[in-house]
Amino acid sequence: MATPFKRICRQASYLSRAQPSLPQRSQQPFRSITNTAPQSANPTHAGEESQFLTPFPESSRDATRDPMYEEDDISSLGHSELEQHRELRDMVRIAAWEMPLLTSLHQPFTPPDRKALPLRWRYTTYMGEHHPASRKVVVEFQPAHIPSLTPAQRTKLCKLAGPRYNPTTGTIKMNCESFETQAQNKRFLGDTIHKLLAEAQDSTDTFADVPLDTRHVKRTPKPRFPREWLLTASRKAELERLRRHNLVEEGRKVEQQLLVSGVGAIEQQRAIDAKRAEEPVMAEARQPVGRGKMGRKEMGQQRVQR
């Protein structure tokens with residue numbers, strides 16, 4: 001009901017603007033009973049006002065209307081597309097005019113010193129999505145990169161680490177996912193490493209009588225190239241001498257016809273096979289014509305009329 005009423009109001013305002021000099025009729029909500037004059041079939045056509053419509057006040061006729069209510073706006077989906085287009089243009093503008101200014105802040109990359117920063121942390125992220133594995137934190141370090149430890153203390157630290165120590169790479173690897181956030185898990189790992197270092201530096205018991213257990217490491221033997229197979233200068237000279245000797249012996253056998261030529265043997269066998277394939281055809285052609293009706297039919301001959 002609201003939309004037709006608004007349309008009627010707009011039409012009335014347009015008609016009032018089109019002919020402001022027309023005399024206004026009496027504002028009667030209904031026709032008089034005594035009035036028997038015929039009414040127009042369409043009282044709202046151009047040049048005539050309907051007596052059932054209330055015109056706008058004089059103050060609102062000349063006032064500019066708000067374009068927000070012109071009913072020519074795009075949908076909310078179109079506004080979202082425009083907003084996305086504006087954001088894209090803003091990023092392109094930044095890449096074109098502001099990013100090149102960052103070259104003045106360029107500095108050469110220097111890899112960090114592992115002895116200065118022995119701890120290497122690893123985190124897991126799922127690009128903002130919630131996942132149970134996103135809180136896991138892994139730390140890895142080598143006891144040899146900690147300068148404050150003596151060789152005996154490093155050995156004790158490896159013994160305290162237990163199966164977390166890999167003797168193949170010489171690293172200690174630990175992880176934690178017991179808490180809800182990465183910061184809590186990282187703090188727990190940091191406190192554990194401090195406790196291990198404090199215990200390794202304690203000289204009360206050096207664990208010298210405890211052997212280092214490495215049974216948890218499964219070593220895979222890697223085959224190595226034999227040193228006897230390396231091509232040295234003397235080995236290359238010996239191989240060249242053997243090749244020349246073999247070439248001389250092969251040439252001598254060819255001259256004495258002691259070697260069987262492979263090409264000649266193949267051609268000879270082909271000739272024999274071709275001769276064998278032709279023999280059955282020739283034998284069949286030499287056979288006499290069989291007597292009787294069946295013999296003539298087999299040979300494709302017709303009966304001779306006497």
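Under a hydrophobic clustering in which Ile, Leu, Val, Met, Phe, Trp and Tyr are joined whenever their side-chain heavy atoms come within less than 4.5 Å, directly or via other members, Leu197 and Leu119 fall into the same cluster. Under the 4.5 Å side-chain heavy-atom criterion for Ile, Leu, Val, Met, Phe, Trp and Tyr, Val217 and Phe141 are members of distinct hydrophobic clusters.
Counting heavy atoms from C-beta outward, Leu88 and Met91 have side chains that approach closer than 4.5 Å. The shortest side-chain heavy-atom distance between Leu82 and Ile74 falls under the 4.5 Å cut-off. Contact check for Arg89 versus Arg93: side-chain heavy atoms found under the 4.5 Å cut-off. Within the 4.5 Å cutoff, the side chain of Leu160 has no heavy atoms near those of the Tyr165 side chain. At a threshold of 4.5 Å between non-hydrogen side-chain atoms, the residues Glu177 and Thr124 do not count as touching. Val137 is not listed as a side-chain neighbour of Val139, based on a closest heavy-atom distance of 4.5 Å or more. Counting heavy atoms from C-beta on, the side chains of Ile193 and Met174 come closer than 4.5 Å. Two residues are said to be in side-chain contact when any heavy atoms from C-beta on lie closer than 4.5 Å; Arg252 and Glu249 meet this criterion.
Taking SG of Cys158 as the reference point, atom CG of Asp213 lies at 12.5 Å (rounded to 0.5 Å). In this structure, the separation between CD on Glu199 and CG on Asp202 is 5.5 Å, given to the nearest 0.5 Å. With values rounded to the nearest 0.5 angstrom, Arg219 atom CZ is found 5.0 Å from Thr168 atom OG1.
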For this session: Start with the C-alpha distance between Leu189 and Val138, add both sets of side-chain angles, then the distance that settles side-chain contact (heavy atoms from CB on, under 4.5 Å), and finish with yes or no.
Result: CA-CA 8 Å; Leu189 290 175; Val138 183; over 6 Å; no

Exercise. Between Lys253 and Glu250, is a salt bridge (Lys or Arg N to Asp or Glu O under 4.0 Å) present by the stated rule, with each step listed?
Worked result: CA-CA 5 Å; Lys253 290 180 180 180; Glu250 186 175 357; over 6 Å; no

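Atom CZ of Phe207 has more than 12 heavy atoms from other residues, nucleotides or ligands within 6.0 Å.
For the pair Thr103 (side chain) and Pro100 (backbone), a donor-acceptor distance under 3.5 Å is present. Side chain of Asn185 to main chain of Phe179: a donor-acceptor pair is present (N/O by atom type, distance under 3.5 Å, no hydrogens or angles). Lys156 places a side-chain N or O within 3.5 Å of a backbone atom of Asp205 that can act as its donor or acceptor partner. Using a distance-only test at 3.5 Å, with no hydrogens or angles considered, a donor-acceptor pair links the side chain of Asn246 to the main chain of Leu242. Looking at His216, its side chain never comes within 3.5 Å of a backbone N or O of Arg164 through a donor-acceptor pair.
A salt bridge does not link Glu240 to Lys236: none of the charged nitrogens lies less than 4.0 Å from a carboxylate oxygen.
For the side chain to side chain donor-acceptor pair (under 3.5 Å) condition, the pairs that include at least one residue of residues 132-152, sequence neighbours left out, are Arg135-Glu180, Gln142-His145.
Aromatic ring orientation, Tyr123 versus Trp121: parallel (interplanar angle below 30°, classes split at 30° and 60°).
Taking Ile, Leu, Val, Met, Phe, Trp and Tyr as hydrophobic and joining them when side-chain heavy atoms fall under 4.5 Å apart, one finds Leu239 in a cluster with Leu231.
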